[in-house]
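First the structure, in the form of C-alpha cells, and then the observations on it.
In listed order, ligands and their atoms are each counted from 1.
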Amino acid sequence: MSATVSLQQLTDQLESLEAEAAAAIAAAEDAAALEDLRVGLLGKKGRLSGVLGAMGRLPGDERPLVGQRANRLKDQVQQLLGARLEAVRSAAMAERLERERIDVTAACSYVPPGHRHPLQSTIEEIVDIFAGLGYRVSEGPEIETDHYNFSALNIPEHHPARDMQDTFYLGGDRLLRTHTSPVQIRHLEANPPPVRVIAPGRVYRRDAVDATHSPVFHQVEVLALDEGLDFSHLRGTVTTFLQQFFGDLPVRFRASYFPFTEPSAEVDVQWRGRWLEVMGCGMVDPAVLEGLGIDPERWSGFAAGLGVERFCMVRHGIDDIRRLFHSDLRFLEQF
Ligand code: DAH
C-alpha cells in the first residue's frame, strides 16, 4: 500500500530541496565536499531521485509538471556545483601561491663567479689572432732536456746564448725550459712540413725578481714552415698580428741575433710615443732544419717568440710584473 502524494507536496519538496542545496553548496569548503553533495543530491540514490520516484504516484497529467520542475532543479544544482567548484579551486590556488611565495628581492649570499686571469686572457687573445691567420696550437713540456732547449736550436754547450738563459737544472740533462722555442723542434719531429703553429706556455729563468723580471713567466712561440716562405711573409705576419693586438701602430724591425734564426730581427711597436721592444723573430736557420732531417733547399720558414707578461702589461698599463703573480684580488678584480 503506497501513501498518496499530491502535486503540491512534491512541488514543495522540490522547492525546499532547491533552497537547501543552494545553501549547502555555498557552504562547501572543498572539491571533496562538493562531490559528496553532488552524489547526495543528484546521484542514483540521491534526494532528487527520491522525489522523482514518488512522482509515479501522481495522476498521469500532473507528472510532466513535476518532471519539468525537477529538470530545472537538476540544471540549477549542476550549475551551482560547477561554479562553486571553480571558486574553491581558485581559492586553494591563491592560498597555495601565498603560502609558497618566494621573495625574489630578499638579500642572498652572493658568490662572485670569478673570471680569467689577465695573463690567461692575453694568451687567449694572441691565440685567437693567430688562429685567424691559420695557425694551430702546439704544446710542449715545461721540463725539457738540454737537447731540445739548447742543442737542437743551434745553441751548443759553451755558446754565449746559454749565459743569457740560465735556468734551473733538475739533474741528468733535465732542466726547466727557458723559452718556448723547443716546441718548434718537438712539433717538427712529430709533424712534417708544411706547419703553422703557435706554442703558448710557461718558461723559467734564473733571474732575480724585480719590476720587469720574474723567474717564471710566459711566452708564445710562432713557427711557419712551408715551400717558398721568405722574410716578407715573416714581416707581414708579425705586423698583422701586432696591429691586431695593439691597434694600428707603427711597427719596426731591427736586425738582431738568435742562434736558431738567420737572419734575425727584433720587433718594436711605437706605443705612446716610445719604441717598445715586443718580439724576437727570424727565418728558421737551415742548420736547425738539417738537424731534424728536413731539406732546407725545399722548406723554409720563420719563427717568432714573445713574452706574454710584456704584452699584458703594455696593454693594461701595469707597472710591475709582480702584480701578475701576487693574487691580490684588489688588483685582479680590475680585469
Ligand atoms: N726564444 C727567444 C727567447 O726566449 C725568443 C725568440 C726569438 C723566439 C726569435 C723565436 C725567434 O722563435 O725566432 O729569447
Taking ring-ring contact (aromatic ring centres under 6.0 Å, His included) as the criterion, tell me which of Phe246, Phe217, Trp271 meets it with Phe311.
Phe246
Distance to the ring centre below 6.0 angstrom and angle to the axis at most 45 degrees; does that hold for Arg116 and Phe335?
no
When rounded to the nearest 0.5 angstrom, what is the spacing between CG in Leu329 and CD in Gln334?
11.0 Å
For ligand 1, the residues whose heavy atoms come within less than 4.0 Å (ordered by chain, then number):
Gln165, His179, Ser181, Gln184, Arg205, Gln219, Glu221, Phe258, Phe260, Thr261, Gly280, Cys281, Gly282, Ala303, Ala304, Gly305
Is it the case that atom CD in Glu277 sees more than 12 heavy atoms from other parts of the structure closer than 6.0 Å?
yes
Kindly confirm or rule out a cation-pi arrangement of Arg206 over Phe168, judged by NZ or CZ under 6.0 Å from the six-membered ring centre and within 45° of its axis?
no
Pair Asp207-Ser214, side-chain donor/acceptor within less than 3.5 Å:
no
